[in-house]
Amino acid sequence: MTGTGDEKHYGHGPEQVGEPRPKRAWPEKQQGPVLVRRDQVGTSTTDQRLLDTTGPTDWLHTDPWRVLRITSEFVEGFGALAELPPAISVFGSARTSIDSPEYAAGVAIGRALVEAGYAVITGGGPGAMEAANRGASEAGGLSVGLGIELPFEQGLNEFVDLGLNFRYFFVRKTMFVKYAQGFVVLPGGLGTLDELFEALTLVQTKKVTRFPVILFGSEYWGGLFDWLKNTLVAQGKAAPHDLELFQITDDIDEVMKILADARRPAHEI
């Protein structure tokens with residue numbers, strides 16, 4: 001199309017258009033990098049909401065604030081644990097009674113780990129966790145507890161020397177893996193199974209390497225092994241070599257040997 005020279009052209013097409021439409025008079029506000037219009041425009045500024053001590057507290061429960069809390073938990077955890085000596089995470093049931101063989105085994109394992117030069121990391125609660133912390137503390141080693149906020153009161157046991165409480169399970173589990181050279185898993189419930197299979201998945205997918213996972217108590221864990229072998233592997237849901245991702249034992253000396261072998265360079269094993 002040939003114009004007279006007075007027409008205005010916009011866009012990529014040949015159409016003639018008139019003057020741009022006038023800007024609509026809707027509310028508009030810039031909030032940092034965010035543009036809001038119409039009903040999204042509030043009546044206060046960010047600084048005002050920050051400094052107003054009598055304002056609403058709904059912002060404490062928004063997703064952006066949760067991101068900051070999650071970040072702060074990672075920062076606090078990394079800062080508190082970054083200088084740990086080599087450590088082993090010990091898992092087990094919070095319901096393990098103090099007079100049970102499992103509790104005694106936890107104490108003995110905690111003590112043996114310290115004598116081998118490890119710090120001991122647990123979930124910081126009662127039962128099997130307390131047992132491992134107790135063994136570590138009584139042996140003069142570093143006893144670490146990573147607690148979790150729960151609907152029912154649990155709290156860190158008295159044998160924890162260095163303790164952190166987390167709001168978020170996934171942050172806590174990151175600390176268990178990042179600052180440990182292996183897992184020793186005592187008999188436990190759903191939380192213990194969650195931590196166990198998290199570790200096995202990380203090893204299977206090579207997110208962590210040369211990471212020993214030891215199940216202590218063959219009578220307790222034998223049924224799980226049979227199901228993994230005769231159902232999971234048999235039906236092709238996992239490979240036969242996945243059963244080598246963990247070891248089952250009743251012998252604390254064997255626990256220590258497995259951990260020692262995992263620390264040695266591959267060419268020395």
With side-chain contact (heavy atoms from CB on, under 4.5 Å) as the criterion, how do Leu228 and Phe246 come out once you've worked through the C-alpha distance, each side chain's angles and the decisive distance to 0.1 Å? CA-CA 12 Å; Leu228 292 173; Phe246 61 92; 3.8 Å; yes

Go through the steps to decide whether Glu198 and Lys207 satisfy the test salt bridge (charged side-chain N to carboxylate O under 4.0 Å, His left out), and finish with yes or no. CA-CA 11 Å; Glu198 172 97 1; Lys207 294 296 185 180; over 6 Å; no

Would you please test Ile70 and Phe170 for side-chain contact (heavy atoms from CB on, under 4.5 Å) and show each step? CA-CA 10 Å; Ile70 291 166; Phe170 58 87; 3.8 Å; yes

Show your reasoning for whether ring-ring contact (aromatic ring centres under 6.0 Å, His included) applies to Tyr168 and Phe166. CA-CA 6 Å; Tyr168 302 101; Phe166 295 92; 9.5 Å; no

Evaluate the side-chain contact (heavy atoms from CB on, under 4.5 Å) criterion for residues Thr249 and Trp221: first the C-alpha distance (whole Å), next the side-chain angles of each, then the deciding distance (0.1 Å), finally the verdict. CA-CA 9 Å; Thr249 184; Trp221 295 113; over 6 Å; no

Derivation and outcome, ring-ring contact (aromatic ring centres under 6.0 Å, His included), residues Phe183 and Phe176: CA-CA 9 Å; Phe183 285 173; Phe176 279 133; 7.1 Å; no

Evaluate Phe74 against Thr174 for side-chain contact (heavy atoms from CB on, under 4.5 Å), listing each step before the verdict. CA-CA 9 Å; Phe74 277 113; Thr174 298; 3.9 Å; yes

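Tracing side-chain contacts under 4.5 Å through hydrophobic residues (I, L, V, M, F, W, Y), one reaches Leu243 starting from Val185; they form part of the same cluster. Under the 4.5 Å side-chain contact rule for hydrophobic residues, Leu202 and Leu232 share a cluster. Under the 4.5 Å side-chain heavy-atom criterion for Ile, Leu, Val, Met, Phe, Trp and Tyr, Leu142 and Phe159 are members of distinct hydrophobic clusters. A single hydrophobic cluster is seen to contain both Met175 and Val213, as judged by linkage of ILVMFWY side chains at heavy-atom distances under 4.5 Å, directly or through other members. Put simply, Val120 and Val107 are part of two different groups of oily side chains (I, L, V, M, F, W, Y) that touch within less than 4.5 Å, one to the next.
A side-chain donor-acceptor contact under 3.5 Å links Asn157 to the backbone of Gly124. At distances below 3.5 Å, at least one donor-acceptor pair connects side-chain atoms of Asp161 with backbone N or O atoms of Ser143. Side-chain atoms of Asp242 come within 3.5 Å of backbone atoms of Ala239 as a donor-acceptor pair (strictly under, hydrogens ignored). With hydrogens and angles ignored, the 3.5 Å screen pairs no side-chain donor or acceptor of Ser100 with any backbone N or O of Thr96. Between the Ser137 side chain and the Arg134 main chain, no donor and acceptor come within less than 3.5 Å of each other. In this structure, the side chain of Tyr179 does not engage the main chain of Gly77 through any donor-acceptor pair within 3.5 Å.
Here Thr71 contributes atom OG1 and Arg69 contributes atom CZ; the two are 11.5 Å apart, rounded to the nearest 0.5 Å. Rounded to the nearest 0.5 angstrom, Lys206 NZ and Phe211 CZ are separated by 14.5 Å. Distance check: Leu156 CG to Leu164 CG gives 8.5 Å after rounding to the nearest 0.5 Å. Expressed to the nearest 0.5 Å, how far CD1 of Ile214 lies from CG of Leu259 amounts to 4.0 Å. Distance check: Ile248 CD1 to Glu219 CD gives 12.5 Å after rounding to the nearest 0.5 Å.
A heavy-atom distance below 4.5 Å is found between the side chains of Leu113 and Met256. For the pair Val90 and Ile121, the minimum side-chain heavy-atom distance is 4.5 Å or more. Put simply, the side chain of Ile109 does not reach to within 4.5 Å of the side chain of Ile88, judged on heavy atoms. Side chains of Phe216 and Ile252 form a contact here, defined as non-hydrogen atoms less than 4.5 Å apart. The closest side-chain heavy-atom distance from Glu195 to Arg172 is below 4.5 Å. With contacts defined as side-chain heavy-atom distances shorter than 4.5 Å, the pair Glu73/Phe78 does not qualify. A heavy-atom distance below 4.5 Å is found between the side chains of Pro86 and Arg263. The shortest distance between side-chain heavy atoms of Phe197 and Leu200 falls below 4.5 Å.
Salt bridge status for Asp253 with Lys257: absent, with no side-chain N to carboxylate O gap under 4.0 Å.
The two residues Ala180 and Ser89 come nearest to each other via the heavy atoms CB-OG, 3.3 Å. Nearest heavy-atom pair across Met129 and Gly92 is CG-O, 4.0 Å.
Counting non-hydrogen atoms of other residues, nucleotides and ligands closer than 6.0 Å to CD of Glu76 gives a total of 12 or fewer. Open room surrounds CG on Leu190; 12 or fewer heavy atoms of other groups in view lie less than 6.0 Å from it.
Applying side-chain contact (heavy atoms from CB on, under 4.5 Å) to Leu146 and the options Val171, Thr122, Leu81, Val160 leaves one that passes, Leu81.
Checking Asp99 against Ser97 by side-chain atom types alone, a donor-acceptor pair falls below 3.5 Å. For Tyr220 and Glu102, the side-chain atoms include no donor-acceptor pair closer than 3.5 Å.
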